[in-house]
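Okay, structure first, notes after.
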Amino acid sequence: MSGSHEFVVVANRLPVDIRTDEAGEITWTTSPGGLVTALAPVMQSQDGAWVGWSGSAEQTLEPFEADGMHLVPVPLNAKEVTEYYEGFSNATLWPLYHDVIVEPEFHRYWWNTYVEVNQRFAEAAAGVAAQHGSVWVQDYQLQLVPEMLRRLRPDVRIGFFDHIPFPPVELFGQLPWRQRVVEGLLGADVIGFQRTGDAANFLRAVRRFTDHGTRGQKVTIGQHWNRPERHVRVGTFPISIDSAKVDALARTEKITQRAAQLRSELGDPDVLMLGVDRLDYTKGIRHRIKAFGELVAEKKVTVPRTALVQVASPSREQVQQYKTLRQEVEVMVGNINGDHGSWGRSAIYYMHHSYPFEEMVALYRAADVMLVTALRDGMNLVAKEYVAARPDLGGALVLSEFAGAADELGQALLVNPHDIEGMKSAMLKAASMEPAEQRRRMRTLRKRVLENDVQSWAEKFLAVLQHMPQRTSHV
Ligand code: G6P
């Protein structure tokens, strides 16, 4: 089994939004995600293919071409969406890997479906990758794919990148299938993580739950039957954004005008605070709103001179914990607005929808204080987007130390979001920061984000992958 594509990306989702129009025709638009932007040049120059799910249940699509990429849809039926995507990926692994902020559920039938669906992704990748090609598997939904693919296609180089945290062994050890997951990942030649702490956690899990030896960042998989000894490289590759694109967009007349217009529509507050997140319990939205509500109640800030815009884009809405979170957030916002709003002016402008990227960049440019208060986050690209969107060197970033971005963005005001008093102080400090200090901090932050963009992230990872030894096609 082999195909003709030298470079193959395997991700839970395809990098396009697929819609069926009134005539029943399938149409697609490229989704603006950073990953596809980063990989587009590699995909186009190396005849790349992207294996992923369309996002809809019971949709069987033929492979198609989009923006110079060969897209290979992997179908999921309704039961698989419930058990593999909403269940094992997002109600078992997601909370387990994010510090058990909510309790993970362990169900054997979810696991079985996760195994089956991972096998389907591995087979789809095996069918399109060229002899000795490279396959790059993405994220926690597909942790078994590296090993499954290696069995099918021992000739290809396999990379894996984990976009979310890898938990400490004391939490990971709860997973009944922990050894299978570690072995699944070790099918790769290179395994990348966001933070050095994640890589260290993974290496500890290898030592605790397998017999493989580790030395520094290298795992040795001993010879087994007719499989030769091989090495797996573990590394840290913090993901980023297309910084130059965001920076250029933020400088346009259109965006600066829209930013001014947004401020005036919000009643020209002295201080505009902003939160932008998927509506997810990992993001610390409740903690942030609580802190803001207390500042208002204690008259440390006044409404409408200070306003908070919270954009919470809908996410994983079939999963119970996400439904609960939505109710909690909306009750909190309702209480604060009910107590402190006035005709035509709210304390919190809460939006439960997504916006086009241009509107987000205008919001970033409009906001004096950006609040990124995740309880745990692999990286958090919103923090990097805010920085890239401030070529004017204005604004202040309040950033959780539990977001991967904190490793690089030390010039932000770092907070522990569980410490509500500490967060309130940081919010006040950000709100009253002198322009000179804003500029000094923002200059350093921007240097980091503009130098380390998503293109260089992909290049660094793929350079390591290309250095791994090429194998014969014999198992
Ligand atoms: C996180 C994950 C991604 C995921 C995204 C959106 O960033 O790391 O793998 O695609 O959230 O979540 P969704 O469930 O809508 O794909």
Side-chain angles (χ1 to χ4, degrees), residues 9-18 30-39 50-57 59 73-74 76 80-99 101-102 110 114 117-118 121 136-145 159-167 185 191-195 198 237-241 276-285 311-323 325-326 352-354 357 360 372 374-385 402-405 454 457 461:
V9 172
V10 190
N12 179 50
R13 286 181 183 271
L14 287 172
V16 288
D17 290 324
I18 299 174
T30 316
S31 34
L35 192 59
V36 61
T37 324
L39 297 177
W50 188 303
V51 175
W53 171 47
S54 71
S56 303
Q59 191 176 46
V74 175
L76 296 183
E80 288 161 347
V81 172
T82 306
E83 295 177 6
Y84 150 78
Y85 171 68
E86 290 157 1
F88 199 78
S89 295
N90 289 319
T92 306
L93 294 173
W94 183 266
L96 180 68
Y97 283 31
H98 288 88
D99 289 358
I101 296 167
V102 306
W110 284 2
Y114 183 81
V117 171
N118 271 244
F121 275 86
W136 195 2
V137 183
Q138 310 288 328
D139 228 353
Y140 63 102
Q141 303 94 341
L142 301 175
Q143 293 175 104
L144 307 179
V145 169
F160 181 90
F161 187 75
D162 180 19
H163 293 249
I164 71 171
F166 196 88
L185 291 168
I191 308 178
F193 294 94
Q194 303 276 30
R195 307 180 88 160
D198 298 318
F237 304 87
I239 199 169
S240 191
I241 56 166
V276 172
D277 314 83
R278 277 185 311 101
L279 187 45
D280 195 303
Y281 50 79
T282 58
K283 303 291 183 182
I285 302 171
V311 176
S313 50
S315 186
R316 307 175 188 164
E317 291 190 282
Q318 299 313 312
V319 180
Q320 184 52 45
Q321 290 91 341
Y322 289 75
K323 293 183 187 174
L325 174 75
R326 180 172 177 191
H352 184 243
H353 29 241
S354 317
F357 192 63
M360 297 316 302
V372 176
L375 304 178
R376 180 58 73 191
D377 209 331
M379 175 53 60
N380 197 293
L381 296 178
V382 165
K384 292 190 173 181
E385 285 171 0
F402 300 116
V454 73
W457 166 80
F461 185 96

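In what follows, every heavy atom counts, from backbone to side chain, and hydrogens, waters and symmetry copies are set aside. The shown structure was predicted, so the numbers you read here are calculated from the model rather than taken from an experiment. Counting starts at 1 for both ligands and their atoms, following the listed order. Positions are given from 1, in the same order as the sequence printed here.
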Notebook entry, point to check: Going by distance alone, is a donor N or O of one side chain under 3.5 Å from an acceptor N or O of the other, for R13 and Y85?
Noted result: yes
Margin query: Please tell me if atom 12 (O) of ligand 1 is touched by the protein, where touching means a protein heavy-atom distance below 4.0 Å.
Written below: yes
Checklist line | Heavy-atom donor-acceptor pair, Y114 side chain to Q143 backbone, under 3.5 Å | finding: yes
Item checked: Side-chain donor/acceptor of D99 to backbone N/O of I101, under 3.5 Å -> no
Margin query: Looking only at distances, can you tell me whether any N or O atom of W94, backbone or side chain, sits closer than 3.5 Å to an N or O atom of ligand 1?
Written below: no
Next item on the list: Measure the distance from atom 15 (O) of ligand 1 to every protein heavy atom, then report the residue, atom name and distance (to 0.1 Å) of the closest one.
Entry: R13 NH2, 3.1 Å
Check: Among all protein non-hydrogen atoms, which one is nearest to atom 4 (C) of ligand 1, and what is the separation to 0.1 Å?
Finding: R316 NH2, 4.0 Å
Next item on the list: Return the orientation label for the F461 and F161 ring planes: parallel under 30°, perpendicular over 60°, tilted otherwise.
Entry: perpendicular
Margin query: Does the residue N12 have a heavy-atom contact with ligand 1, meaning some pair of atoms that are separated by less than 4.0 Å?
Written below: no
Next item on the list: Any atoms of ligand 1 less than 4.0 Å from a non-hydrogen atom of I164? List them with their elements.
Entry: 8 (O)
Next item on the list: Output yes when the distance from some N or O of ligand 1 to some N or O of D139 is under 3.5 Å, and no in every other case.
Entry: yes
Margin query: Any nitrogen or oxygen of Y85 lying under 3.5 Å from a nitrogen or oxygen in ligand 1? Just yes or no.
Written below: yes
Next item on the list: Between Q138 and ligand 1, find which residue part has any heavy-atom pair under 4.0 Å and reply side chain, backbone, both or neither.
Entry: neither
Margin query: Regarding ligand 1, does Y140 bring an N or O atom to under 3.5 Å of one of the ligand's N or O atoms?
Written below: no
Notebook entry, point to check: Short list, please: which atoms of ligand 1 are under 4.0 Å from a heavy atom of H163?
Noted result: 8 (O)
Checklist line | Validation row, ring centre W53 to ring centre Y84 under 6.0 Å | finding: no
Item checked: Y140 and W94 aromatic ring geometry - parallel, tilted or perpendicular at 30°/60° bounds -> tilted
Notebook entry, point to check: Can the ring centres of F237 and F193 be said to be less than 6.0 Å apart?
Noted result: no
Next item on the list: Could you tell me the separation between the CE atom of M379 and the CG atom of D198, rounded to the nearest 0.5 Å?
Entry: 9.0 Å
